2 protein chains.
Amino acid sequence: MVTQASAEELTQRLRDAITRLNRRLRQERPVGDLTVTQLSALTSLRIGGALTPRELSEAERVQPPTMTKIVAKLEERGLISRTPHPTDGRQVLLSPSDQGFAVLDDYQRVRDEWLAGKLADLSAQERDTVARAAALLERLARD
Amino acid sequence: MVTQASAEELTQRLRDAITRLNRRLRQERPVGDLTVTQLSALTSLRIGGALTPRELSEAERVQPPTMTKIVAKLEERGLISRTPHPTDGRQVLLSPSDQGFAVLDDYQRVRDEWLAGKLADLSAQERDTVARAAALLERLARD
DNA sequence: TCACGCTTATTAGCTTAGCTAATAAGCTTG
DNA sequence: CAAGCTTATTAGCTAAGCTAATAAGCGTGA
């Protein structure tokens, strides 16, 4: 046990760290570029394959109308395409368009430079801690 | 080394985890309650003592006009008070009001229940990982 | 000493991101 | 096949962020 903060302190500290780092991440967006929210949704589509808006909204932990907006932005840019659901006329299947995949590839290489640089400054052991924590935090967020 | 993800994967994963957990945290706000942003600013004032708007905006990694808005919200609720700067007529000193301190104390006890509950579900070892990572993430955000 | 240039805070106006409530369309089932 | 559920969208709101422009005060150099 390296640290022995109280549960309250840990909670507060983690919330502050998340809040500020999130703010910092949002700042790093070059103008005219995808926002963190848009990128995250597009990434979910790549991971999840073709998803309906509802499924995507659940994956992103966002209400359906919010996802409608995000999807609209991505569609404006031609990054996703929609196909009718084979058996259910209400639903729609969303997936990244060819251009969407291309953009994702670009981001994977070019983007996140700030965060990647920061992580590179850490020791291998610290990076390992962060990697394990990232998995835990995802689990937390997943419910 | 438990994990051996590539640097790119780690970056992407951490960004996603931060983004989603942040979203989840924002959701947990009871209506009529302080937002995460407002709480963070108020906390900075408690930690930093009397700060000018500029200093506070730097602490929160936000542009000055954004901080003007946040401060206005907090003032509406009577949670911070402003006093003129002793030597510089342009500047203002902000600090939590008595009520602001009281609210902070309340939050410290009552709030963050969701996150605290989640953390309680982790094993002691996992919690330790998260605690160490939180410290690292704060350092990352600090620049 | 005082005019000009910097700093600080605010205002105005925009975008994004989130929410709830209400609608419309399509399914499903008794 | 009507009634009720599910899905997606629309409408309209708030919060949170930004940049550009303004106004006030400070400080300095000719």
Side-chain angles (χ1 to χ4, degrees), chain A residues 18-42 44 50-77 79-80 82-94 141, chain B residues 18-42 44 50-77 79-80 82-94 141:
Chain A
I18 298 287
T19 302
R20 292 198 192 161
L21 194 50
N22 185 62
R23 213 129 61 186
R24 200 72 174 72
L25 282 174
R26 285 181 182 268
Q27 280 177 6
E28 287 306 313
R29 174 172 71 97
V31 275
D33 231 344
L34 289 185
T35 64
V36 171
T37 299
Q38 292 163 8
L39 183 58
S40 178
L42 194 53
S44 281
L51 297 179
T52 67
R54 159 137 250 125
E55 288 166 340
L56 185 53
S57 75
E58 278 163 7
E60 291 292 305
R61 300 221 143 271
V62 137
Q63 294 303 307
T66 300
M67 190 45 72
T68 295
K69 282 193 194 177
I70 299 170
V71 164
K73 294 257 165 62
L74 289 170
E75 267 186 304
E76 263 173 35
R77 292 164 167 258
L79 301 182
I80 64 184
R82 56 174 70 215
T83 56
H85 191 284
T87 64
D88 190 334
R90 294 165 301 178
Q91 299 186 50
V92 187
L93 291 174
L94 305 171
Chain B
I18 297 288
T19 301
R20 288 188 201 171
L21 193 50
N22 185 62
R23 213 127 62 185
R24 202 70 175 73
L25 281 175
R26 285 182 182 267
Q27 280 175 7
E28 287 304 314
R29 176 172 70 96
V31 276
D33 232 344
L34 289 185
T35 64
V36 171
T37 299
Q38 292 163 9
L39 183 57
S40 177
L42 194 53
S44 282
L51 297 178
T52 67
R54 161 137 247 124
E55 288 166 340
L56 185 53
S57 74
E58 280 163 5
E60 292 292 307
R61 301 217 145 276
V62 137
Q63 294 303 307
T66 300
M67 189 46 71
T68 296
K69 282 195 193 174
I70 299 170
V71 164
K73 295 257 167 63
L74 290 170
E75 267 186 302
E76 262 173 34
R77 294 166 165 256
L79 301 182
I80 63 184
R82 57 173 70 213
T83 56
H85 192 284
T87 65
D88 189 333
R90 294 165 302 181
Q91 299 187 48
V92 188
L93 292 175
L94 305 171

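Naming: A, B, ... by sequence-line order, numbering from 1 per chain. Quantities reported herein were computed from a predicted structural model and do not represent experimental measurements.
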J.: Could you state the CG-C1' distance from A/L42 to C/dA17, rounded to the nearest angstrom?
T.: 17 Å

J.: When the distance from CG of A/L39 to P of C/dA17 is rounded to whole Å, what number comes out?
T.: 11 Å

J.: Between A/R61 (CZ) and C/dC19 (P), how many Å, whole number?
T.: 11 Å

J.: Closest approach to the side chain of A/Q91, judged atom by atom: which nucleotide of D/dA16, C/dA12, D/dA8 is it?
T.: D/dA8

J.: Within residues 50-59 of chain A, find the residues that approach DNA chain D with a heavy atom at under 4.0 Å, and present them sorted by residue number.
T.: A/T52, A/P53, A/R54

J.: Go through the steps for B/T52 and B/L93 under the test side chain to side chain contact (heavy atoms under 4.5 Å, CB included), then give the verdict.
T.: CA-CA 5 Å; B/T52 67; B/L93 292 175; 3.9 Å; yes

J.: What residues, two or more places apart in sequence or in another chain, satisfy side chain to side chain contact (heavy atoms under 4.5 Å, CB included) together with A/E58?
T.: A/R54

J.: Output every pair passing salt bridge (Lys or Arg N to Asp or Glu O under 4.0 Å) with a member in residues 82-91 of chain A, not counting sequence neighbours, ordered by first then second residue.
T.: A/E75-A/R82, A/D88-A/R90

J.: Of all residues at least two apart in sequence or in a different chain, which pass the side-chain hydrogen bond (donor to acceptor under 3.5 Å, both in side chains) check with B/Q38?
T.: none

J.: Rounded off to whole Å, could you give me the CE-to-P distance for the A/M67 and C/dT16 pair?
T.: 16 Å

J.: How sharply is the helix from C/dT1-D/dA30 to C/dG30-D/dC1 bent, taking the axes over five pairs at either end and rounding to 10 degrees?
T.: 0°

J.: With rounding to the nearest 0.5 Å, note down the distance linking CD1 in B/I80 to CG in B/L74.
T.: 5.0 Å

J.: Using a cut-off of strictly less than 4.0 Å, decide whether B/T66 has a side-chain nitrogen or oxygen near OP1 or OP2 of D/dC18.
T.: yes

J.: Please state how far atom CD1 in B/I70 lies from atom C1' in C/dA9, giving the value in whole angstrom units.
T.: 14 Å

J.: Among all residues two or more places apart in sequence or in another chain, which pass the side chain to side chain contact (heavy atoms under 4.5 Å, CB included) test with B/T66?
T.: B/V62, B/Q63, B/I70

J.: For D/dT9, does either OP1 or OP2 sit under 4.0 Å from a side-chain N or O belonging to A/T68?
T.: yes

J.: How long is the line joining CD of B/Q38 and C1' of D/dG17, in whole Å?
T.: 14 Å

J.: With a 4.5 Å heavy-atom cut-off, do A/L94 and A/P53 have their side chains touching?
T.: yes

J.: Taking the nucleotide of DNA chain D with the nearest heavy atom to each, does B/P65 or B/K73 sit closer to the 5' end?
T.: B/K73

J.: Which parts of nucleotides 23-30 of chain C does protein reach within less than 4.0 Å, heavy atoms only, written one letter per nucleotide 5' to 3' as B for base, S for sugar-phosphate only and - for none?
T.: --BBS---

J.: As an exercise, state the distance from CG of B/L34 to CG of B/L79, rounded to the nearest 0.5 Å.
T.: 6.0 Å

J.: Expressed as a whole number of angstroms, how long is the span from A/Q63:CD to D/dT10:C1'?
T.: 16 Å

J.: Going by side-chain hydrogen bond (donor to acceptor under 3.5 Å, both in side chains), name the residues that satisfy it together with B/S57, two or more places apart in sequence or in a different chain.
T.: none

J.: Below the 4.0 Å mark, does D/dA16 have OP1 or OP2 next to a side-chain nitrogen or oxygen of B/T37?
T.: yes

J.: Within this structure, what is the NZ-to-P distance between A/K69 and D/dA8, rounded to whole angstrom?
T.: 18 Å

J.: Please list, chain by chain and in numerical order, all residues satisfying side chain to side chain contact (heavy atoms under 4.5 Å, CB included) with A/L51, sequence neighbours excluded.
T.: A/L45, A/E55, A/L56

